[in-house]
Every structure is written in structure tokens, then in C-alpha cells.
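Notes follow the structure.
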Amino acid sequence: MGDATGGGAQAPAPQTDKKKPAKNRYRSTLNLPSTGFGMKANLVQNEPQSLKRWQKLGLYQKLREMGPSQPNGRFVFHDGPPYANGSIHLGHLLNKCLKDFVVRTRQMAGYDCPYVPGWDCHGLPIEHKVMTELVESGKIDKLNGLEEDTRRLAIRRECEKYANKFQKLQTGQMQRLLTVADYDNPYLTMHHAYEGAVIETLAGMVAQGLVFRALKPVHWSIANETALAEAELEYKDREDPSVYVDFEAADAGAVYDAFGLGVNAEGAEGGEDAEEASGGGEEDSGSGSADSAFESGRPMQTPSFMIWTTTPWTLPANMGIAVHPRFVYALVRMDGNVTVVARELVEKVAKIGGAEDVEVLAEVTGDKLVGLRYRHAFVEELPRFREDVRETAPEKVWTVLSAEYVTLEDGTGLVHTATGHGADDFNTGLREGLPVYCPVLEDGRYDDTVPRWLQGVGVFDANPMVVKRLRESGHLFHHHEYSHSYPHDWRSKTPVIFRATEQWFIGVEKQTKRDGKSLREMAMRAVEAGGGSVRFVPEWGRNRMRGMLENRPDWCISRQRAWGLPIPAFFTADGEVLLTSASVRAVAQVFREEGSDAWFKNDASHLLKHYRVDQDPDVPASVASSLRDAIDSVTKSGDILDVWFESGSSWNAVMRERSKSEQHPEGEDFPVELYLEGSDQHRGWFQSSLLPGLAVTGSPPYKTVLTHGFMVDRDGQKLAKSKGHTIESLFEHHGADVLRWWVASLPYEGDMKVDEEFFRLAGESYRKIRNTLRFMLSNVESKDSGTASASTPAPTSLDALVLGELDMLRERVVGAYLSYNFREAHGRLYDFCNDTLSSVYLAAIKDRLYCDASGNARRAQAEHTLSVLVDGLCKLLAPILCHTSDEAYRALLQVDQKDAETCIHLLAFNGETGVTPDEGWARVMEARDQALLALERIKESGLDNPLDAMLVLPDPDGTLGRFALEDLADLCGVSLVTLEAGDEGVRVEDLRERHPRCERSWKRGPDVRERSDGGMLSDRDAAAVGVQ
RNA sequence: GGGCGUGUAGCUCAGUUGGUUAGAGCGCGCCCCUGAUAAGGGCGAGGUCGCAGGUUCGAGUCCCGCCAUGCCCA
């Protein structure tokens, strides 16, 4: 076994080996395949060499030089910037391969396809990591001693180093993936010119009147003391106290009136009267605990409104209680307390609280409760609300409100509303005029507007304190620990809170100055079906985008961090704001010249050196005078921009910018042809690009949005990051071409299962392609085909058949490529190699390749066809198997190893071969199928080698008669074929007794006989050997 | 809880506007070849189309509900 090849020198040669030469006495007269194109790919060693060769060639640059002469013009794909953090993973692998497929297929289809790769460099993930390292190395204390701007500059220096490091690492990995892009000249969001262009984009939005500052609850990370974008949250399970709290009615009579209970039911409207009545009622309830006590048909107790919350710490900020206007609410007595709960939830609530004695006293719809007042459970007096830009109605605090979002899923059907701590709450408060009250500071501790016992306490520490307090004061109906999905800061993994803060926003409902349409209107129009200008692949991406645009809130673009682009706003000593289109542009110019570090190094007079306040029509007069009189008193904003705004400006910072520098007419590359990212980017980059694009230019930044799904494990579950295959190990075990071949096979629209075994399977599939190429190469390279030159093959020749199939393949594969259906292309290429080539054509022509004499026209024709096939197939494979296709192509042309100039990636897909196969081929292949079945069946009778058989094929309409019988025999793998006019079905005849077997070709036939050299040979083989 | 997807042989996937017996590759089984040989070829067995209803002469395909799962959001 193992020593059959290696041990030959020592061990005596086995007898069987000695016999071989006799059996193969004509072997040396054959034209057997041989090639330097190895069966083993050695991708791990050889791919880096291809990469070097392409770099020496300057492949990307060469392609750009060819650009202007491409027949189909420009096709601009715009790369979404991955975050410059960590190693690339399977998601990047998928994403980058798909992008590379797009660019390479378009390029080879005759388009000019620049591909500028980008990296997202600013932002919290890097800053967080850097801060962590600074803490671990102990350098943080030194930093914290610095003045704020200096401190930030120091952090930013570290962040920049970090981003550069990973941008380089990822570049190397992407190159190792064999993607072709302008890696020498990428865009980084921290480049000065990029920064300037982002701020100019912001200026465009300011000019449209879309940017404003407001108090608004945002997701707030206590750990990082910053507002977070939706994209910076992750939802994890968390245990919180679930509390059911009774808020006593301020006016018991009014509540009983609302429920139609007792004497005053008719005249329930009398507010003044009711208030007095309630005063008495409360005192009564304090002393009398008899649950049967009624007075005039009403309970003696003061009724309560029962709310449910899992964030007791927000209770100090309670501003109202929301009910659904159409739900039915019950006035219910539970173990002596009288309270209000949604009717449908009475039983559930009673059970949870363990109430034994439950009695519904009355029912009424929610709208009847609206306007009733209540008393806060532990806050005695309203705090003094800070003055606000919004008009508020503090007198409405602590009343029952109406809200449609109230559900009966959980809780009591009455919703605790804290305008400073929830989005729904905020919106309700906005509608009702409630103040936005947020007594929580940046570090998560209460300020001094809350009751004394809570002041300075952290909110999560406050939870048990609040619960305890409520229990002691008798307001707590029930409390238990509750596990639920809760948003966490994706970096620090700590729970976030909703906290109202002053932030910068881009308003999606605000009217643009251009035509009065809001961003939401413009966006919805851009992505609407039919008239919308944006195409979605797959089409359902449109609905997904629309759904998100329909209800997306205003875009909070400010962050309280160091590693990012400053929001170029200034404040006068009076607290007035300077943020006009012209002032922003002026700062943008400074950033272009000096980078955004300039913000932290300089004061207003330098940052505004390009600003002409007298020429700015938008600046408020008082701000203008402050600037003129005392520019030194003007302070800089401490906020930075949401990184999504930076990447969302890339259409401006990269595509328009480059159009200018490459001296294309302005705007030629805008909007770009294609954005291609994971489906999570419907809310991310697709939107963060769409909104600024629309605001600034009036049109969407892209014509087509293509999305792909995500990798899941073999059971369809979310991929655990920890057990992820590292890119390095994938390269090491499989090679880039195999990985690319695998990506091409994926139905990327949905979830894709990934498993080590799938890479192995892709490797096997790859090997079949490689072997097919190898076999063809091994038969064209021999080049002893003499002088016979190939002509256009006859329509009935095997060559016409296969070349016709090649044309069809090319049409379908290129069609699939251009419609981004790489999977279909992959499948068709694979099937072509296995079926059309390996099983049919290559099997059929072996005899003529091996046995026909050198110079034989039939053989020369086949050899020529092989070169056409390799050439055409390599080009079709090139966008996917970029190493292997180039390797095979170079083998075909027998290019010297040192030659870097010859490269398949500089070429285009071929045109048609010009060959038209005979229409009868379909009938031939049908006959072949039947013949193979017949041959299979005859095996049972002992005739199991098809070369021992003759086929009698029925040919009722004479179609088969047009074809060479030898070709038909080769196609079916038999020695002889005859035709008969009838329609009896295929017959198989045994030739073993009838004709001897040719020792050279192994075929049986009537012309096989003993020749002058003593061998049994057919006429063809005798002539080839040169014997009589 | 909401929006958008996905669920078809053991595995990975095709299944056009509803219409014969639901296809392919891999794997598996049997066989051939040993001049593509750590290759190549032939044949075959595998499916209650996630579950449950409905529309229809007819449903993998259309409608409703449920279950599982992915992304995004609450």
C-alpha cells in the first residue's frame, strides 16, 4: 500500500508490475495527458504568490487605466466602512466576497468598476477599548489630571493608533481573501478631508433647517456617561423588581363619580365640589379600615390607581398615569383596598398579589378616567421644573392621561408615565404639555430635586429603597423579581437607562427649506414601490426599509465622548447657540486643513477664522454681537457626532470627493449604483446615508440597495462569537478560493448556515472544478498535434455540441452575475464541469485524444476545442476563483512564472463562439440517456464493460443518421453503434464473441486484427503506430 | 410585543403567473473503469413540502392561525 511507490528500490518488484508492460505495450504510442497544473491546489502556499504577482502587476491600477475604454461605462459600487476594530470574521468574509464578486463580474462584463474600500474609525467601541487599556495600564489617572481638551487629545491619539492598527490588519486579511480594491488608497473616516466633508454634510442639513437642540430622553449609558444610538444597544435578559403600586386618588369623589357609584353620580362634573368631598374621604379612610364600610353607596376608602413598573427608580419622576381610552377599567376591592385596574387584568393582578377577597365594584371605559387627579406615592411637592424651550403645563402633572400604546399584556392596564425616562412617556408628555422631568444626573445618581432620602443615590441602588418605602407606606400592592429583556450598552454590557438630556437632533418631521417636505416624506417617496427611485435586492428590503422609516424617531446625532467629530456649535456667554450653515462650513474648512484635533487645540477665534459673521444671514443678531465684541468668551460644544452620521456622509466624503479629484464631471458618481451590506443596515448605514443624502442633495445616494443575511450555526441558531472560526485558520485550512467558492454557493438573501464541514464540502466541490480544468489542460498542452489546424466545427460534431453549451453557459452565468445571483452562476459552472464536460464531452473525446495520430484533424479539432473551453471557463470562473482561474489560464498560455503581465483579471468575458450546434443534439442526448439505462440493465447478464458492447439505436425519423456513428459510440462509451429505422427501443449487443479487442484503443470492431508487429489493432490504431 | 425574512429528501438548496409522477448537488447503496487514478463514469434508494384550518375542480405555491428560527425595533 504505502510503499507501492516509495519502496520500489528495495523491495523486489511484485509480479503484477512486470506484466504491465505487456498489457500496455502500446501505451507509449498514445498521446496521454500530462500537465504541470497540479491536481493538488496547494492554495495556502500558492495564493500568496498570485497576490504578489498581481501586486507587482498593479492590478487595481491597471484596471483603472483600462476604465475609460470599457464599453459599458462606469459602475460605481460604494463600500460601506467596516469598523476598524478587531480581526475580520465570517460576516466580513461573506460581505467582502460578495462585494468582490460584484466588482469583478461587472468589470469583466465591460464596466469600469472602481472599488474604494473604507473604514469607520471613530466611535465608542474604539474609545471604550482604549479607555479600558488606559485603566489597565494605570495611565488613566495621569490623563484625568489634565485639562479637558488636553485629556481628550491624549485619548484621541491613542484611539487613532488603535484604528490604524486594525485598519492595517483588516486590509491584510481582505487582501488575503483575494479581493481587488484600492487598498493603497482607502477612505478612513478620520482622514482630514473626510472629516471636512462630513461637517459640510452637516452644514447642508443645518441649511435645510433640520438640526435642532432639545431635551429628550435618550438611551443613556451610565458606565460611559453618554447617550447611545440604537445601534449601540444590545438586549439581554435582566432581573428587575416588578412592582404594583397604588397611587391614591386626589379626589375620591371624582373617581366614584367617574365609575357612576353613589349619590353624586349624576353630577360628577362638579370639580370644586368633588375636591372638597375627597378631602373628607381621605381622612375617613385613614381611620376606618372596615372593608364593608359604605357611605351613600360608596366605599369609605380613598380609591387608588394601580400601576405596574419594572423600573421603580423612575417613580420619583412620575408625571402621569396613562390609560387606554377604549379599554374597560374596573373599580375593584382587593382585601380591603379599593383600586382601579383594567377589567381584563383583575384576576391576573389579584392572583399575582395573592389577594383573596376580590370584588369588582364598578366598570367604566378608560376615557372616563382621563383627567382624574392622583397623589404621588412619596413625592410631596412638585419640583421646580427647569425652564424649557417647550411650553409646558405643570398643573397637569399627576393626572390620568389617555394613550393608545397601553396594552393588556402585562401590568395593570394603567401605565406609569415618566416623561424624562421613556420614549412613549415623552411623546405622551409632549402631547399633553407635561414637563420633561429627569432628576437623574449623568452618573446615574439622583439630583437634589427628589425626596431627601433618594438624593445622590444611584438609580439601580434606589430600586430596593423605593420598594421598601412603598411597602412601608402601604402603597405597594405587590413586589417580585422579574426577568425581562432589557437594553444594555453594547460595549460595557451594563444596563442603560432612559434619561432626558440636551441633545442635537436631526428632525425627520421638520420641513426642509428646499421644498417644505420632511425628511420622512422624502425618504418614503424614494423607497416607495413603483415610483421610488431606489431598487432593492431582494425586493422585500423595500418594505423593511419603509417600515423603519415610517416610525423612526428624530435622529439623535450627539454623543458625549472624545473620539469623534465635534459638533461645531458654539455658545455665547448668555447661552445662545451659534450653529449656522456658514459657521459650520467655516469649521469644516479648518478640519480639512488641520483635522478635527483642531477643535480641541484651539479656541473659537481660530476655529472660526474662515467665518464672516457679517455675511451670515442666518446668525441671530445677539449672537453676532457676542462674536464681534468678545469672541474669546464664546465656548465650544463638548459634543461629538454620532459615528453613523460620519459613515452616512460617505457618499459625499468619498464618492463626490473622488469624482472631483479624478476630474470626472461633478456628480457623475452620485448617486452611486450600489450599496451592499447586511440586512441590519436597513436601520444603520442605508438609513444614515439616505437621510443626509436626501437632505443635502434632494436625491438618495444610491440606486440599488442589496442586502445579505447572517451566518447561523448548523442548527440555525445565532452564531456564538466565542466559537467562531478565525479567519486565519480558515485561510490555513482551506485557502481563499475555496472560501470564495463557498460564499458563491450561498443563498445570501436569508440566513446562511455555516459549519466547518461546509468548508470541507466546498473544498471537494472546488476540487472537481480543478480536476476538470486539469484534465483539459493536460490534453491541450501536449502540443504534438502536428500541423492540422482547427476549422469551424461541423454542427453535428462533438465540438459543436460542447461549444454550443459553452455559449449557453456563458449567457446564463453572466446573466446570473449581473443580477447578483452568484449562487445560480456557481451551480451552473459546477454542473457544466461535471455534466457537460466530465461526463459527456471529455469522456467522449478521450479516444481520439489518446489514440488518433498526431496531425489527425479530428484530434486537432478536439484539442482546439479544449483550449476554447479552458479559456472561456476560466474567465467565467475568474470572479469567484480568482487564484485558480489565473493559474489555469496561465497554464493554458504556458506563461513563464516570472511573467506578471499576463493576468486573466485584466480580461473580459468572451463573446459567442460562433458555433451553431445541430438541432438534433437534443435527440442524441435523449438516445444517450436511454442507452446508458440499457447498458446498466445488461450488466446483470454479465456484460458489464460498455466497450464490449454495441448499441443498436432506434432512429425512426433519421435524426441520428446525421451524426457520425463513431461520435455516438464515444458519447455512450461503447465500441460500436448502429442505427435502425424502427422504434423498438435501445438494444445492446455483446461483441465479445464477435470482434476482438484492439490492444491500443481497447475498442472492439470488425477491423481489429493481428498486425505485422503481432498486436491486435484496428485500422486507425495500426496506422497511428505505423504497422500494417 | 411589533416590522421584515426563513422553514421542501440525512445535509445544502431549486421550485416561474396555483396544473401530470415535487427537482438538483452532496452523502448513502450497488456497479463500471484503472490511459483524469489521493481521479473518472453509470444506475438506484431517499420527501405527510414546519403544524392546523380555509379558498379552489386542483395548493409546496394563495388566505388565516399556530410553532420554530434570524435580523431590526419596543
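Chain letters run A, B, ... following the sequence lines, proteins first and then strands; every chain starts at 1.
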Sugar-phosphate, base or nothing in reach of [X], heavy atoms under 4.0 Å:
{"X": "A/E824", "value": "nothing"}
{"X": "A/R1000", "value": "base"}
{"X": "A/P538", "value": "nothing"}

For [X] and [N], what is the distance between atoms [atom1] and [atom2] respectively, to the nearest whole Å?
{"X": "A/D680", "N": "B/rC73", "atom1": "CG", "atom2": "P", "answer": "8 Å"}
{"X": "A/N551", "N": "B/rC72", "atom1": "CG", "atom2": "C1'", "answer": "11 Å"}
{"X": "A/Q930", "N": "B/rG42", "atom1": "CD", "atom2": "P", "answer": "16 Å"}
{"X": "A/L549", "N": "B/rC72", "atom1": "CG", "atom2": "P", "answer": "17 Å"}
{"X": "A/E936", "N": "B/rC32", "atom1": "CD", "atom2": "P", "answer": "10 Å"}
{"X": "A/K753", "N": "B/rU12", "atom1": "NZ", "atom2": "P", "answer": "4 Å"}
{"X": "A/W644", "N": "B/rC72", "atom1": "CH2", "atom2": "C1'", "answer": "12 Å"}

Quiz item: Taking the six-membered ring for Trp, are A/H89 and A/H92 parallel (under 30°), tilted (30 to 60°) or perpendicular (over 60°)?
Solution: tilted
Practice problem: Determine the interplanar angle of the A/F536 and A/H682 rings, folded into 0 to 90°, and report it as parallel if under 30°, tilted if 30 to 60°, perpendicular if over 60°. | Solution: parallel
Rounding to an integer number of angstrom, what distance separates [N] and [M] when you compare their [atom1] atoms?
{"N": "B/rC11", "M": "B/rG18", "atom1": "C1'", "answer": "29 Å"}
{"N": "B/rC49", "M": "B/rG10", "atom1": "P", "answer": "12 Å"}
{"N": "B/rU8", "M": "B/rG50", "atom1": "C1'", "answer": "10 Å"}
{"N": "B/rG42", "M": "B/rC33", "atom1": "P", "answer": "15 Å"}
{"N": "B/rG3", "M": "B/rG15", "atom1": "C1'", "answer": "28 Å"}
{"N": "B/rG44", "M": "B/rA39", "atom1": "C1'", "answer": "23 Å"}
{"N": "B/rC64", "M": "B/rG5", "atom1": "P", "answer": "13 Å"}
{"N": "B/rG35", "M": "B/rA22", "atom1": "P", "answer": "43 Å"}

Salt bridge check, [Y] against [X]: does any charged N sit closer than 4.0 Å to a carboxylate O?
{"X": "A/R760", "Y": "A/E756", "value": "no"}
{"X": "A/D847", "Y": "A/R1020", "value": "yes"}
{"X": "A/D755", "Y": "A/R714", "value": "yes"}
{"X": "A/D713", "Y": "A/K753", "value": "no"}
{"X": "A/R928", "Y": "A/E926", "value": "no"}

Heavy atoms from C-beta onward define the side chain here; which of [options] lies closest to that of [X]?
{"X": "A/N771", "options": "B/rA74, B/rG40, B/rA14", "answer": "B/rG40"}
{"X": "A/R997", "options": "B/rU34, B/rC33, B/rG41", "answer": "B/rU34"}
{"X": "A/K939", "options": "B/rC32, B/rU37, B/rC43", "answer": "B/rC32"}
{"X": "A/L932", "options": "B/rA14, B/rC43, B/rG70", "answer": "B/rC43"}
{"X": "A/P33", "options": "B/rA36, B/rC73, B/rC32", "answer": "B/rA36"}

Provide the Watson-Crick or G-U wobble partner of [N], both distances under 3.5 Å; none if there is no partner.
{"N": "B/rG58", "answer": "none"}
{"N": "B/rC43", "answer": "B/rG29"}
{"N": "B/rG1", "answer": "B/rC73"}
{"N": "B/rU21", "answer": "none"}
{"N": "B/rA68", "answer": "B/rU6"}

Near [X] [atom1], under 6.0 Å, is it more than 12 heavy atoms from other residues, nucleotides or ligands?
{"X": "A/E966", "atom1": "CD", "result": "no"}
{"X": "A/K236", "atom1": "NZ", "result": "yes"}
{"X": "A/E940", "atom1": "CD", "result": "no"}

Quiz item: Strictly under 6.0 Å, is that where the ring centroids of A/W685 and A/Y675 end up?
Solution: yes
Quiz item: When the aromatic ring centroids of A/W308 and A/H416 are compared, is their separation below 6.0 Å?
Solution: no
Quiz prompt | Sole residue of A/K846, A/R1000, A/R858 in salt bridge (Lys or Arg N to Asp or Glu O under 4.0 Å) with A/D852 | solution = A/R858
Just the atom pairs and distances: protein N or O near nucleotides 3-6 of chain B's N or O, under 3.5 Å.
| unit_1 | atom_1 | unit_2 | atom_2 | d |
| --- | --- | --- | --- | --- |
| B/rG3 | N2 | A/R544 | NH2 | 3.3 |
| B/rG5 | N2 | A/D751 | OD2 | 3.2 |

Quiz prompt | Intermediate values then yes/no, salt bridge (Lys or Arg N to Asp or Glu O under 4.0 Å), A/D554 and A/K216 | solution = CA-CA 10 Å; A/D554 287 341; A/K216 199 166 178 175; 3.6 Å; yes
Quiz item: Is there a donor and acceptor pair closer than 3.5 Å between the side chain of A/S838 and the base of B/rA36?
Solution: yes
Quiz prompt | A/K846 (side chain) and B/rA36 (base): donor-acceptor pair under 3.5 Å | solution = yes
Whether [X] contacts [N] is assessed here as follows: a side-chain N or O lying under 4.0 Å from the phosphate OP1 or OP2. Is that the case?
{"X": "A/R774", "N": "B/rU37", "value": "yes"}
{"X": "A/N945", "N": "B/rC33", "value": "yes"}
{"X": "A/S839", "N": "B/rG42", "value": "yes"}
{"X": "A/Y830", "N": "B/rC26", "value": "yes"}
{"X": "A/K718", "N": "B/rU69", "value": "no"}

Practice problem: State the syn/anti category of B/rG46 according to its glycosidic angle, syn meaning within 90° of 0. | Solution: syn
Quiz item: Are A/H734 and A/F759 close enough, and set up right, to give a ring pair (Phe, Tyr, Trp, His ring centres under 6.0 Å), and what steps lead you there?
Solution: CA-CA 7 Å; A/H734 305 284; A/F759 296 122; 5.4 Å; yes
Quiz item: Taking RNA chain B as the partner, which of residues 761-768 of chain A come within under 4.0 angstrom of it by heavy atom?
Solution: A/L761, A/E764, A/K768
Quiz item: Of A/F498 and A/S679, whose nearest nucleotide on RNA chain B comes first from the 5' end?
Solution: A/S679
Quiz item: Closest nucleotide of RNA chain B for A/L746 versus for A/D424: which of these residues is on the 5' side?
Solution: A/L746
Quiz prompt | Under 4.0 Å protein heavy-atom contact, by nucleotide of nucleotides 44-50 of chain B - B base, S sugar-phosphate only | solution = S------
Exercise. List the steps and the verdict of side-chain hydrogen bond (donor to acceptor under 3.5 Å, both in side chains) for A/D240 and A/T310.
Key: CA-CA 6 Å; A/D240 275 311; A/T310 56; 5.2 Å; no
Quiz item: Do we count A/F775 as stacking onto B/rA39 if the rule is ring centres under 5.5 Å and planes under 30°?
Solution: no
